[in-house]
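On a predicted model such as this, the values are computed, not experimentally measured, just so you know. One-based numbering, in listed order, for ligands and for the atoms of each. In this chain, residues are counted from 1 in sequence order.
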Amino acid sequence: MHLRRTDRGFDRPTPSEITPRTVYEARRAWLRQMAAGAAGLPLAAWAARDAQAAFARPGKLPALQTVPSKAAGAGTDEAVTRYEDVTGYNNYYEFGLGKDDPARNAHTLRTSPWTVEIDGLAAKPGKYAIEDLLKLSPLEDRIYRLRCVEGWSMVIPWAGYSLSALLKRAEPLSSAKYVEFHTLADKATMPYVGSRVLEWPYVEGLRMDEAMHPLTLLAFGMYGEVLPNQNGAPVRLVVPWKYGFKSAKSIVRIRFTDREPRTAWNKAAPQEYGFYSNVNPDVDHPRWSQATERRIGEGGLFAKRRKTLPFNGYGAQVAQLYAGMDLRKQF
Ligand SMILES: Nc1nc2c(c(=O)[nH]1)N[C@H]1C(S)=C(S)[C@@H](COP(=O)(O)O)O[C@H]1N2
Ligand SMILES: [Mo]
């Protein structure tokens with residue numbers, strides 16, 4: 001995310017495109033070593049391991065048992081982004097503003113014990129221990145693109161299930177029109193919580209029909225492993241047709257509401273980050289074009305930028321959710 005220089009004392013973070021190449025390459029080299037055993041193995045090899053240990057041994061990345069997804073749009077022929085890129089180039093502002101800060105700092109995140117509360121306008125609100133949440137529905141393999149508003153994208157094999165499986169259990173009332181997501185804000189373990197760069201906790205939201213859409217994923221893993229902390233362990237959202245910032249990491253609370261949620265980025269810069277935040281090549285960010293993107297891992301600075309697709313390529317599945325809306329005004 002890019003910030004303006006403000007009178008609040010925060011400088012604009014280094015844009016991804018001009019991260020010093022030497023720093024980035026050095027970082028990649030050691031991540032490659034770290035990930036060597038894990039990322040190279042086929043998913044099946046990981047699936048054979050003990051899934052029970054998933055949350056019992058923090059720090060390790062044992063397998064998650066997954067089934068193929070039947071959801072339309074859950075697969076892709078595009079090349080999967082390298083594991084070390086996906087885990088070494090992140091936005092997770094609670095752990096710093098630089099792309100390599102989360103990988104360096106997020107080891108302090110305590111993902112066990114972890115509880116997700118689901119409340120608000122629902123007949124059956126509740127609290128789920130992460131171990132129970134994990135077992136609520138079979139975990140599916142889904143390969144989604146993730147496109148950041150900053151103009152880069154990745155292709156990531158996630159493990160999770162449709163958020164709708166959880167939402168339905170809570171039996172939302174007919175008055176519930178939106179779903180709000182609250183993420184962990186723990187000053188003791190997250191160095192940037194308390195900074196004035198955003199309002200904490202990081203809050204995101206979806207309209208009810210967006211939240212119930214089968215492609216909206218509650219993700220627990222990626223590359224057949226438990227989510228690394230920097231990617232939002234132990235549970236995060238992935239909304240593949242929206243800019244990455246809608247995909248809240250390390251969720252602790254899900255709330256049904258009748259009002260459009262005020263999201264962290266919308267509060268920070270309402271003229272730049274609207275509630276809907278659908279990937280839209282025709283609606284420029286006020287300070288840069290959204291027509292193209294750089295696929296992370298594709299040949300560095302000289303790689304040809306790709307054309308950004310409407311709804312990040314998921315239009316066939318989701319465009320009808322926005323029929324009749326003016327997406328230039330409701331961006
Ligand atoms: N809690 C929290 N969730 C967050 C963010 C954040 O700063 N804090 N950044 C968002 C942004 S801007 C992006 S692009 C994605 C990045 O996800 P990734 O690091 O797994 O690629 O996470 C999103 N979820
Ligand atoms: Mo982002």
*Asks:* Is there a continuous path of hydrophobic side-chain contacts, each under 4.5 Å between heavy atoms, that joins Leu206 to Phe331?
*Replies:*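 Cluster IDs for Leu206 and Phe331 differ.
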
*Asks:* For Ser247 and ligand 1, answer yes if some heavy atom of the residue is under 4.0 Å from a ligand atom, otherwise no.
*Replies:*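 Distance cut 4.0 Å: Ser247 passes for ligand 1.
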
*Asks:* Give a yes/no verdict on whether any heavy atom in Lys246 is under 4.0 Å from an atom of ligand 1.
*Replies:*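 No heavy atom of Lys246 comes that close to ligand 1.
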
*Asks:* Side chains of Tyr144 and Trp241 only: does a donor on one sit below 3.5 Å from an acceptor on the other?
*Replies:*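 Short answer, no.
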
*Asks:* Parallel, tilted or perpendicular for His285 and Tyr273, by the 30°/60° rule?
*Replies:*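 Tilted: the ring planes of His285 and Tyr273 meet at 30° to 60°.
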
*Asks:* Hey, are Ser153 and Arg295 close enough side-chain-wise for a donor-acceptor pair under 3.5 Å?
*Replies:*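 Their side chains do contain a donor-acceptor pair, which is all the 3.5 Å distance test asks for.
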
*Asks:* Find out if a path of hydrophobic residues (ILVMFWY) with successive side-chain heavy-atom gaps under 4.5 Å connects Val238 to Val203.
*Replies:*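 Not linked; separate clusters.
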
*Asks:* With a 6.0 Å cut-off (strictly less than), is the heavy-atom count around NZ of Lys267, excluding the residue itself, greater than 12?
*Replies:*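 More than 12 heavy atoms, drawn from other residues, nucleotides or ligands, come within 6.0 Å of this atom.
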
*Asks:* For ligand 1, which atoms, with element, lie under 4.0 Å from some heavy atom of Glu94?
*Replies:*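 In order of number, 1 (N), 2 (C), 6 (C), 7 (O), 8 (N).
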
*Asks:* Under a plain distance cut-off of 3.5 Å, with no hydrogens placed, do Asp141 and Ser69 share a side-chain donor-acceptor pair?
*Replies:*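 Looking only at side-chain atoms, Asp141 and Ser69 do not form any donor-acceptor pair under 3.5 Å.
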
*Asks:* Which ligand 1 atoms are under 4.0 Å away from a heavy-atom of Cys148?
*Replies:*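 Counting atoms of ligand 1 from 1, those under 4.0 Å from Cys148 are 14 (S).
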
*Asks:* Please state which option from Thr81, Asn91, Val203, Asp85 has its nearest heavy atom closest to atom 5 (C) of ligand 1.
*Replies:*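 Minimum heavy-atom distance to atom 5 (C) of ligand 1 goes to Asn91.
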
*Asks:* Side chains of Tyr92 and Ser250: is there a donor and an acceptor less than 3.5 Å apart?
*Replies:*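 Short answer, yes.
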
*Asks:* Can you confirm, on distance only, whether ligand 1 has an N/O atom lying under 3.5 Å from any N/O atom belonging to Asn231?
*Replies:*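 In this structure, Asn231 places an N or O atom under 3.5 Å from an N or O of ligand 1.
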
*Asks:* Could you name the option among Ala103, Ser250, Gly244, Ala106 that has the heavy atom nearest to atom 15 (C) of ligand 1?
*Replies:*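 Going through Ala103, Ser250, Gly244, Ala106 one by one, Gly244 has the nearest heavy atom to atom 15 (C) of ligand 1.
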
*Asks:* Within a distance under 4.0 Å of any heavy atom of Thr183, pick out the atoms of ligand 1 and give their elements.
*Replies:*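 Once the distances to Thr183 are compared, the set is 1 (N).
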
*Asks:* Output yes when the distance from some N or O of ligand 1 to some N or O of Trp158 is under 3.5 Å, and no in every other case.
*Replies:*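 Not met; the criterion fails.
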
*Asks:* Less than 3.5 Å between some nitrogen or oxygen of Tyr89 and one of ligand 1, yes or no?
*Replies:*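 For ligand 1, there is no N or O atom that lies under 3.5 Å from one belonging to Tyr89.
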
*Asks:* Taking 4.0 Å as the limit for heavy-atom contacts, which would you say applies to Arg236 with ligand 1: side chain only, backbone only, both, or neither?
*Replies:*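 It is the side chain that gets close, since no backbone atom is under 4.0 Å.
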
*Asks:* Taking N or O atoms only and a 3.5 Å limit, does Tyr93 qualify as a polar contact for ligand 1?
*Replies:*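 Looking only at distances, the answer is yes, because the N/O contact criterion of under 3.5 Å is met.
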
